[in-house]
Amino acid sequence: METVAAIAAVRARVSEWHHSGQRVAFVPTMGNLHAGHVSLIEMARRYGDRFVASLFVNPMQFGPNEDFAHYPRTPREDERMLRDAGCDLMFMPEVAEMYPNGAERATRIEVPGLSEVLCGAYRPGHFQGVATVVAKLFAIVLPDVAIFGEKDYQQLTVIRRMVLELCLPVEIIGAPTVREPDGLAMSSRNRYLSAEERRVAPRIHQELTRAVGALSAGSRDFAAIGQEGRNALAQAGFQPDYFEVREGSNLDPAQPDTRHFVVLTAARLGKARLIDNLQLRL
Ligand code: PAF
């Protein structure tokens, strides 16, 4: 595996592959890789002849009081995991390579509506930062296919919309969430949990499962399902931001005739803000 920090080096290598007719699969990450990322990487290998991963903690997607400075950075371990997973090229740029005029003054991509609900309401500017960096990474890597985890369901939906509306020639694949044996979705932010919080954290998955159970049993009282989820999480010691039933394709509020539901939640537990979701297709 080759590790490069320069945009020009990525372009040169990918252009060789494309010229020889090879298909390029891409997994963008912020590093601190875990089994959830490995599943994205394994999926990427099924879709391409060559596999590129990026490791970039993107300042533009962090709010002023968020954990950008403290976000876990483990580049040497990440490099080893990517090599073991059969990655061909790891792109690990500095902030100045990605934002030569500074992240604050950089050109931005806005996906309106979708970016302002759910997590977007609690993290203003977050999805603008995600859409911008992903569009830039696509312009640098020029992948044929890119893989994103379904755990960040709203992020995946924002990226699909951006790709559609900007006519970007890249296929977007969603990869299923990887969970610990007790149901907790794998996340780099799980490491912020104390031992006691880690014991409580799977409650998120239990409440999502209960909500999906109510929907599949025929309940269409979405407000009551959401309220019950928020109450249960609050009682267990979380500070829930939201717990909502939405339309799976566009995150609009669910309707009685919805056939693809997604139940999404974000809740704070100690220093960690955990997000998770479950889908139900009828
Ligand atoms: O999901 C992530 O790790 C990040 O939001 C992404 C897609 C790599 C963009 O920085």
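Counting starts at 1 for both ligands and their atoms, following the listed order. Predicted model, so just to flag it, every value in this text is computed and none were measured.
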Kindly give the heavy-atom pair with the smallest separation between V111 and S115, and that separation in Å.
-> O-OG, 2.6 Å
With heavy atoms and a 4.0 Å threshold, my read on which part of T29 contacts ligand 1 is backbone
Going by an N to O cut-off under 4.0 Å, is there a salt bridge joining E42 and R45?
-> no
Contact (N/O only, under 3.5 Å) between Q61 and ligand 1 | yes
Report yes if Q155 has an N/O atom closer than 3.5 Å to an N/O atom of ligand 1; otherwise report no.
-> yes
Do the side chains of R13 and D88 get nearer than 4.5 Å, heavy atoms only?
-> no
Ligand-residue contact atoms, ligand 1 with V133, heavy atoms, under 4.0 Å | 9 (C), 10 (O)
Give the intermediate values and the outcome of salt bridge (Lys or Arg N to Asp or Glu O under 4.0 Å) for residues R23 and E171.
-> CA-CA 11 Å; R23 203 173 141 81; E171 183 186 356; 3.0 Å; yes
